J.: 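What follows is a single structure, and I will ask about it in a moment.
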Number of protein chains: 2
Amino acid sequence: MNETLLQNEALLQRFQAVAEETRFRIVQLLAGGERCVCELQAELEAAQSRLSFHLKKLKDAGVVSDRRDGRWVHYSLVPGALEEMRAFLGEVKPEEGWKPLAPRDGPCCS
Amino acid sequence: MNETLLQNEALLQRFQAVAEETRFRIVQLLAGGERCVCELQAELEAAQSRLSFHLKKLKDAGVVSDRRDGRWVHYSLVPGALEEMRAFLGEVKPEEGWKPLAPRDGPCCS
DNA sequence: GAAACACATCAATCAGAATTGATACGGAGA
DNA sequence: TCTCCGTATCAATTCTGATTGATGTGTTTC
């Protein structure tokens, strides 16, 4: 199995996790620091099972981690995960002064 | 209308655009420079209408731009869009040495 | 202008993800 | 132990987005 493909898969999963409105907002809230589920619930005005569903998605993708404290569970961002996503967008971003590939000779498609 | 909300909406749309396998791969290919549709079609082994659908998503999100050249259309990345996404992940990423918020006093939820 | 080509769009179908309501689980306090 | 509370999970439904096949549009070449 190709290592890079697996990395890509995990990376894609992270983008998928963040690219949904509720989860996008969760990430924004967690940027301010750790939050327990009930706090998120209050701030997002989301049903409990719905929030739990989205938190699981984020956790499965490795974007957040949880910490149990008595009956409460606190969620926070995983810095490394976000860093990887940034790195991907960095690699992908053409350098300043970058030029398109020279047009290929011959017909566009063979 | 709130300015920040609109920005968020556009940003979310960009994440949604990138967070799909076919489009994720398109972005990776375009990282190497401009490509025409038929080249992408060959490299992705995707049906033409399918590819066109995904390119439109990326374009609507502002992640790519197109350039007509005779009968060919060439797509390339929009550096600024990727930069904004990076910036978001940067803001959102806790600083090194960052500490969780101090636990609130009183019960977690009122 | 006719034919061939590159690409876009549309309508119908299909698939996967999100929502909801009910239920289960685990910890804390009486 | 019984009960309450915070959270997770499950099954059913609903919604959204992707795929497919056909058709449309603009461009080149003859």
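As the structure is a computational prediction, the values presented were derived from the model and not from experiment. Both backbone and side-chain heavy atoms feed into the values below; hydrogens, waters and symmetry mates do not. Labels below follow one simple rule: chain letters A, B, ... track the order of the sequence lines, proteins then strands, and each chain is numbered from 1.
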J.: Could you pull out all residues at least two apart from A/E43 that satisfy salt bridge (charged side-chain N to carboxylate O under 4.0 Å, His left out)?
T.: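 Checked A/E43 against salt bridge (charged side-chain N to carboxylate O under 4.0 Å, His left out); matches are A/R35.
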J.: With a cut-off of less than 4.0 Å, is there a side-chain N or O of A/H54 near OP1 or OP2 of C/dA17?
T.: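 It does not, given that no N or O in the side chain of A/H54 lies less than 4.0 Å from OP1 or OP2 of C/dA17.
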J.: Are A/Q28 and B/N8 linked by a side-chain donor-acceptor pair shorter than 3.5 Å?
T.: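 Yes, side-chain donor-acceptor contact under 3.5 Å.
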J.: Given C/dT9, D/dA18, C/dT19, which nucleotide is nearest the side-chain atoms of B/S52?
T.: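 Given the options C/dT9, D/dA18, C/dT19, the side chain of B/S52 is closest to C/dT9.
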J.: CZ/B/R50 to CD/B/E45 distance, rounded to the nearest 0.5 angstrom?
T.: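 The CZ atom of B/R50 sits 10.0 Å away from the CD atom of B/E45.
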J.: Quickly work out the B/Q41 CD to C/dC5 C1' distance and round it to whole Å.
T.: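 Rounded to whole Å, this separation is 12 Å.
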J.: Quick check for you: among D/dT9, C/dA18, D/dA18, whose closest atom lies nearest to any side-chain atom of A/E20?
T.: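 Nearest nucleotide to the side chain: C/dA18.
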J.: How close or far is atom C1' of D/dT16 from atom CD of B/Q13, stated in whole angstroms?
T.: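 That distance rounds to 15 Å.
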J.: Just compare C/dA18, D/dT7, D/dA18 and give me whichever is closest to any side-chain atom of A/C36.
T.: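 Looking only at heavy atoms from C-beta outward on A/C36, the closest nucleotide is D/dT7.
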J.: Does a side-chain N or O of B/K56 approach OP1 or OP2 of C/dC7 to a distance below 4.0 Å, or not?
T.: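 False: B/K56 side-chain N/O out of range (4.0 Å or more) of C/dC7 OP1/OP2.
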J.: Grab the CG-C1' distance between B/D60 and D/dG17 for me, whole Å please.
T.: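 Computing the B/D60:CG to D/dG17:C1' distance gives 14 Å.
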J.: Please state how far atom CG in A/L40 lies from atom P in D/dA8, giving the value in whole angstrom units.
T.: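 After rounding, the gap between these two atoms is 10 Å.
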J.: Reading nucleotides 21-28 of chain D from the 5' end, what letters show protein touch, with B for base, S for backbone sugar-phosphate only, - for no heavy atom under 4.0 Å?
T.: BB----SS
J.: Taking atom types as modelled, find out whether A/S76 and A/R67 have a side-chain donor-acceptor pair closer than 3.5 angstrom.
T.: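 Side-chain D/A pair, A/S76 to A/R67: absent.
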J.: Using OP1 and OP2 only, check whether a side-chain N or O of A/Y75 sits under 4.0 Å from D/dA8.
T.: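 Yes, such a contact exists.
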J.: How many Å lie between NE2 on A/H74 and P on D/dA8, as a whole number?
T.: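 Rounded to whole Å, this separation is 11 Å.
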J.: Please report, rounded to the nearest Å, how far the C1' atom of C/dA18 is from the CG atom of A/L44.
T.: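 Whole-Å distance recorded here is 15 Å.
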J.: Expressed in angstrom and rounded to an integer, what is the separation of B/Q16 atom CD from D/dA18 atom C1'?
T.: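 About 14 Å, once rounded to whole Å.
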J.: Is there side-chain contact between B/L44 and B/L29, with heavy atoms separated by less than 4.5 Å?
T.: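 In contact.
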J.: Rounded to whole Å, please give me the gap between CG in B/L51 and C1' in D/dT19.
T.: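 The answer, rounded to whole Å, is 13 Å.
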J.: Just say parallel, tilted or perpendicular for the rings of B/F15 and B/F88, cut-offs at 30° and 60°.
T.: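 Perpendicular: the ring planes of B/F15 and B/F88 meet at over 60°.
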J.: I'd like to know if the side chain of B/R23 reaches the main chain of B/Q16, judged simply by a donor and an acceptor atom lying under 3.5 Å from each other, with no hydrogens or angles considered.
T.: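 Checked: pair present.
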